[in-house]
Each structure stands twice: as structure tokens, then as C-alpha cells.
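Ligands are counted one by one from 1 in listed order, and the atoms in each one are counted from 1 as well.
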Amino acid sequence: MKGVSLTQFIIQEQRKTPTATGELTLLLNDIASACKCISHAVHRGALAGVLGAAGSENVQGEVQKKLDVITNELFIEAMNWTGHLAAMASEENDDIIPIPAEYPKGKYLICFDPLDGSSNIDVNLSVGTIFSILRRPDAVELPREADFLQPGVKQVGAGFCVYGPSTVMVLTTGNGVNGFTLDQDHGEFILTHPHMRVPADTAEFAINMSNRRYWEPPVQRYVDECVQGKDGGREKNFNMRWIASMVAEVYRILTRGGIFMYPFDTKDAARPGKLRLMYEANPMSFIIEQAGGASSTGRQRILEIQPESIHQRVPVILGSKNEVERVASYH
Ligand code: AHG
Ligand code: MN
Ligand code: MN
């Protein structure tokens, strides 16, 4: 095997902090194992009979795919016995998930989206898993929902694994962003994308244009200017992408820059945005900021939002710094 494995990398990182106990390193290893299992299930696809609808809805009233349910169970079962977590919260579960009584508890909390972009699974496009690691508050033995409601700046680590043409894990623990490709022959993640950076400028934007009539004027203005390019007020022409998998969009932005928006819209008065703060917006914002990009609702830095509930939704505008700042300035 060539190169630095994820395990080797995180142990080397741990050694830079002499007071570290190694618990976070072990937790990150558990997450990597869980993502390998999910990668396998996703790539087997129709051969394993895992495509199609599950015939149920989640707490958010979204139709669940079979793989939403399967990957959620895989993730929980890979993580609940290892002793590094005090509790979990999943996009697919109404309530937080306690650690079964027979297993030891650890000092971390995890929030996760087991399968992001699941509307893409049956059409064989990229999907992924997103996670956010928080500290269990001191002296809390059995965490409750309130213990998860920490702003994104408190994240200890965050990452996502994208199941695309190759399986790639992207990780930050607050010291930059690194990408690891799964070597299917050896079953190991190998460091292939060290020090990922988001360029400050871009000529590529990503938004679901079909929602244009529901957006607020600042976002309409920004997107109209991109579409008009050199013929409008901007100094350059823009290209557009929309994959409908946040993992794939963020991976693209980490690779070549760009701006991704799921902004505030008036489509459904009960939802101030589509994406979920704890499972999608916070971890992705932490990663993007660590790579030199920016992330905002248009009015506020996402990482500073005080969460009110674990399934809360927020507007998301993230990516290349100068473009995100421009959109924010229009608000
Ligand atoms: P999930 O599959 O976990 O519900 O998340 C899908 C999200 C996100 O990944 C993507 O950017 C967005 O929803 C796509 O929404 P539209 O279908 O409205 O474009
Ligand atoms: Mn998602
Ligand atoms: Mn999901």
C-alpha cells in the first residue's frame, strides 16, 4: 500500500497535542469504518436490492429511500458499542439516539446525515454521509436533546464521505481540511488530497433555479447578475451546476471553488430553508471555513447560530469567500 492512511494521519495529528487522550482518534476511526460499510452497501446498488422507496417518512415528513433506512442503521450499529459516544442524533430519527445500557459511554456527541442526496440514489449519482462531532457537556451522563444544541463553532470535528466514482472522506478537526480516497483493494482510506483550499474567487454557482420565484430579492439579484455575466454588471461570465447532493457540491467547491446556495425561500412558511443546521449546515460550514471559504445564511455566520432544536433548518450560502461576502452584502 502506498501513501499515508487515514489511521496513520489522525494518529500523527493526535501526537501534535500531547494532552490528547486518543479518544477522538478512535472515534474518527469508528466513523471511517461505518462509512466503509455504507460505501459497500451503496456501491452494491440494485445487486443488493437496496434501491427504491422504503414506504415510510422521516420526522421531517420526507419520503425515505430504502438506503436512508439501511445506512442509518449501519451507522448507528457501527458506532453505538465502541465506547466513544455519549449519544447520537440522526436526520432520520425523531429523537436523539441513546447508547444502549450495556455499552460504555464516551465524551462525544455525534450528529449525522447517513445518506445525503438520497433522491440521487436510484439514478446512480453521488451521495454521501455527513457528520459533526460535539463534546458532551461536563457532568452530563445521559445527554438530552438540549445538550446537542451547541453552535457550530463548538464542533470538535466534522467531515463527510462522498460515494461517487471513488469513495472519498473529507475531514477537519479544526486544523485544515484533508481528503482521503478509499483504496478498495486494501480497505483503507489513503491521504490523496492534503490541505484542501477553496479559492476566494469563482465563476461557478450552484442553486436550484426552479425555486427562483420563492427567493428573497438579494438572492434573486445575485443569481440574475451571474446569469447576465459580462452583459450585466459583473466582470465575467458564470457557469452553473446543480447536483442535488450537498456532499457532491461541497466536494466540487473544495476541489475547484464555487458558491453553493440553498437560501431562504417562501415555498413553505414553516421552513426557513431546506438544509438542516445540525446535520448539514454546521459540519459543511466548519469544513468550508477551515479550507479558507465562507458560510452564511445571508444575514449571519452559520457557525454562530444558537440551535433551537436538533432538526432545525437554515438558509445556506457557502463556498468561495468573495462571492459569499457579495451575497451577504446584498442582504
Ligand atoms: P437529503 O437527501 O439528506 O434529504 O439531502 C438533500 C439535500 C441536499 O443534499 C441537496 O443539496 C438538496 O437537498 C437538494 O434539494 P432539491 O431537491 O430541492 O434541489
Ligand atoms: Mn442531506
Ligand atoms: Mn439524508
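- Annotation: angle subtended at the Mn ion (ligand 2) by D116 OD1 and E280 OE2 is 110°, to 10°.
- Counting non-hydrogen atoms of neighbouring residues, nucleotides and ligands closer than 6.0 angstrom, the CZ atom of R135 reaches no more than 12 such neighbours.
- Applying the 4.0 Å criterion to heavy atoms of D113 picks out, from ligand 1, the atoms 3 (O).
- The closest side-chain donor-acceptor pair between E323 and Y222 falls under 3.5 angstrom.
- The heavy atom nearest to atom 11 (O) of ligand 1, considering only R276, M246, E62, M284, is found in M246.
- Counting the atoms of ligand 1 from 1 in the order shown, those under 4.0 Å from a heavy atom of G117 are 1 (P), 2 (O), 3 (O), 5 (O), 6 (C), 9 (O).
- The distance from the CG atom of L149 to the CE atom of M278 is 6.0 Å, given to the nearest 0.5 Å.
- Here S118 has heavy atoms under 4.0 Å from ligand 1 in both its backbone and its side chain.
- Note: angle at the Mn ion (ligand 3), from OD1 of D113 to OE2 of E91, is 90° (rounded to 10 degrees).
- Within the listing of ligand 1, atoms 3 (O), 4 (O) sit less than 4.0 angstrom from a heavy atom of E91.
- The nearest protein atom to atom 18 (O) of ligand 1, hydrogens excluded, is given as Y262 OH, 2.5 Å; this is a heavy-atom distance.
- Among E91, H311, E92, the single residue meeting the side chain to side chain donor-acceptor pair (under 3.5 Å) criterion with N58 is E92.
- Inclusion of L115 in the first shell of the Mn ion (ligand 3) is supported: an N, O or S atom falls under 2.8 Å.
- Within ligand 1, counting atoms from 1 as listed, the ones closer than 4.0 Å to a heavy atom of N208 are 16 (P), 18 (O), 19 (O).
- Contacts with ligand 1 closer than 4.0 Å are made by side-chain heavy atoms of E280 only, the backbone lying farther away.
- For ligand 1, the atoms closer than 4.0 angstrom to any heavy atom of S245 are 9 (O).
- Those atoms of ligand 1 that come under 4.0 Å of a heavy atom in L115, given as number and element, are 2 (O), 3 (O).
- Between W242 and ligand 1, an N or O atom pair is found at a separation short of 3.5 Å.
- Counting atoms of ligand 1 from 1 in the listed order, those under 4.0 Å from a heavy atom of F260 are 11 (O).
- Taking the six-membered ring for Trp and thresholds of 30 and 60 degrees, F9 and F180 have ring planes more than 60 degrees apart, a perpendicular arrangement.
- With a 4.0 Å cut-off on non-hydrogen atoms, D116 touches ligand 1 through its backbone as well as its side chain.
- Proximity to L275 (heavy-atom distance under 4.0 Å) selects the following atoms of ligand 1: 7 (C), 8 (C).
- A donor and an acceptor atom, one from each side chain of Y262 and N211, are located under 3.5 Å apart.
- Comment: E249 does not engage R241 in a salt bridge, judged by the lack of any side-chain N to carboxylate O separation of less than 4.0 angstrom.
- Using a 4.0 Å cut-off between charged side-chain N and carboxylate O, R136 and E141 make no salt bridge.
- With a 4.0 Å cut-off on non-hydrogen atoms, Y279 does not touch ligand 1 at all.
- With respect to E62 and R313, a salt bridge is recorded, a charged nitrogen being found less than 4.0 Å from a carboxylate O.
- With hydrogens left out, the protein atom closest to atom 15 (O) of ligand 1 is K274 NZ, 3.0 Å, a heavy atom.
- Using a 3.5 Å distance cut-off with no hydrogens or angles, the side chains of H193 and N178 do not pair a donor with an acceptor.
- Neither the backbone nor the side chain of N211 comes within contact range of ligand 1; no heavy atom lies under 4.0 Å.
- Residue F112 forms a ring pair (Phe, Tyr, Trp, His ring centres under 6.0 Å) with just one option from F160, Y279, F131, F75, and that option is F75.
- Residues N208 and S210 have side chains that bring a donor and an acceptor to within less than 3.5 angstrom of each other.
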